[in-house]
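Written out below as structure tokens is the structure these notes cover.
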Amino acid sequence: MIDPFGRRISYLRLSVTDRCDLRCTYCMPKRAAFLPRSELLGLDELDRLAAAFIRKGVRKLRLTGGEPLVRKGVIGLVERLSRFLANGALDELTLTTNGTRLAHHAADLARLGIRRINVSLDSLDPATFARITRGGRLDEVIAGIDAALAAGIAVKINAVALRDDNLGGLVDLAQWAHRRGAELTVIEVMPVGSVEAERIDQHVPMTEVRRRFEHRWTLTDLARRTGGPARYVRTDAGGTIGFITPLSRNFCDGCNRVRVTCTGRMYMCLGQEARADLAAPLRASADDCLLDSAIDEAIGRKPRGHDFAIRAGSSPAVERHMSATGG
Ligand code: SAM
Ligand code: SF4
């Protein structure tokens, strides 16, 4: 799949649910509305969708949400999708999770071929963590991270930099991650969906975050790119830190990904409205001809990139929340 800007699309993020057991203040509003379960694609349908993208050249598949590990039957889906690891059609099958249920599932995920996992963790202070997630328990997430590491799964911790919540704790979070052999990636908050707080109050430019790390360590820029938006540095203590800067440094030129929601909506860009309905063609025929042409048509409309901006009083770039698109 090659888009109109010559970018090869080889990475699918597939959301398996819009539901979540947490309510992070930067991700969704307190009273988040979730889709009726009847609107969700079934596990067979998610599997068929993934298979269609893999046939078309997707080499990396990430399950996300909402919280993917709250979807009933998700381990069965991972088990089915792992056939694409076994036959070499996929290079990587992975997940992004908040970690609350990871302790229960880590061994199964490792057995099924999951080699790396992203766990979102914004603070090591139990009270701050509970405030950001609106009620989450830090000990559950730490147990999940430890279970994943013990099962041999490499962990990358994702933290969204938030001015009033975790800015002062990011350096310690990096050190904590590095001691466990995990990496930390820090992400600038993006203006996707309305939340109670003003984005401008949450947002911290990555240059400011980086300066904080530079007070603790000497940082060396790494050439390493993983096909994603992160830029990496190595600390003089040997740890790796990634920076994702959707606002201060746009990363769209090398974009290799598309997203599909749990209702079968394909979004060609996280920050644009361009979308295609894949559920109707999926359901309209048992063979995949209609589905294949719907995917091709959508790739032909992939936008050049987002134009995120955070200003006082500005409205979100898109109305849908990250939990709905599949972050
Ligand atoms: N529930 C899982 C989790 O939290 O890892 C997977 C879905 S979550 C939507 C995926 C990622 O999006 C998380 O790392 C989260 O921190 C990030 N995220 C959510 N809303 C965001 C926003 N407005 N700006 C930047 N990152 C955001
Ligand atoms: Fe849930 Fe992940 Fe959004 Fe937090 S960031 S509310 S864990 S979907």
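Indexing begins at 1, ligand by ligand and atom by atom, following the structure's order.
For atom 21 (C) of ligand 1, the closest non-hydrogen atom of the protein is Tyr26 CD1, 3.6 Å. Protein heavy atom nearest atom 17 (C) of ligand 1, with residue, atom name and distance: Met322 CE, 4.1 Å. The protein non-hydrogen atom at the shortest distance from atom 8 (S) of ligand 1 is Gly65 O, 4.5 Å.
More than 12 heavy atoms of other shown residues, nucleotides or ligands fall within 6.0 angstrom of atom CZ in Arg134. By the 6.0 Å contact criterion, CZ on Arg304 is open, its count of non-hydrogen atoms from other residues, nucleotides or ligands being 12 or less.
Considering both main-chain and side-chain atoms, Met190 comes within under 3.5 Å of ligand 1 through a nitrogen or oxygen pair. The distance criterion of under 3.5 Å between nitrogen or oxygen atoms is not met by Thr64 with respect to ligand 1. Between Asp122 and ligand 1, a contact under 3.5 Å exists for no N or O pair. Looking at ligand 1, you won't find any N or O of Thr96 less than 3.5 Å from one of its N or O atoms.
With Gly66, Ser120, Pro191 as candidates, the residue nearest to atom 6 (C) of ligand 1 on a non-hydrogen basis is Gly66.
Among the atoms of Cys20, no N, O or S atom falls under 2.8 Å of atom 3 (Fe) of ligand 2. Taking 2.8 Å as the criterion, Cys24 counts as a coordinating residue of atom 4 (Fe) of ligand 2, since one of its N, O or S atoms falls below it.
When heavy-atom distances to ligand 1 are checked against a 4.0 Å cut-off, Val189 comes that close through both its backbone and its side chain. Proximity of Met322 to ligand 2, defined as any heavy-atom pair under 4.0 Å, is not found for any part of the residue. Of all the heavy atoms of Arg199, the ones lying under 4.0 Å from any atom of ligand 1 belong exclusively to the side chain.
At least one side-chain heavy atom of Asp296 sits under 4.5 Å from a side-chain heavy atom of Lys56. Contact check for Thr64 versus Leu95: no side-chain heavy atoms found under the 4.5 Å cut-off.
Heavy atoms of Met28 stay at 4.0 angstrom or farther from ligand 1.
In this model, a donor atom of one side chain and an acceptor atom of the other lie less than 3.5 Å apart for Tyr11 and Arg62. The closest side-chain donor-acceptor pair between Ser123 and Asp125, if any, does not fall under 3.5 angstrom.
When the options Leu46, Thr263, Thr17 are evaluated for a side chain to side chain contact (heavy atoms under 4.5 Å, CB included) with Leu41, the one that passes is Leu46.
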>> Set out, in order, the CA-CA distance, both residues' side-chain angles and the distance that settles side-chain hydrogen bond (donor to acceptor under 3.5 Å, both in side chains) for Asp122 and Tyr26, then state yes or no.
In response: CA-CA 11 Å; Asp122 303 313; Tyr26 54 83; 2.7 Å; yes

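Shown here for Gly264 and Leu49, the closest heavy-atom pair between the two residues is CA-CD1, 4.4 Å.
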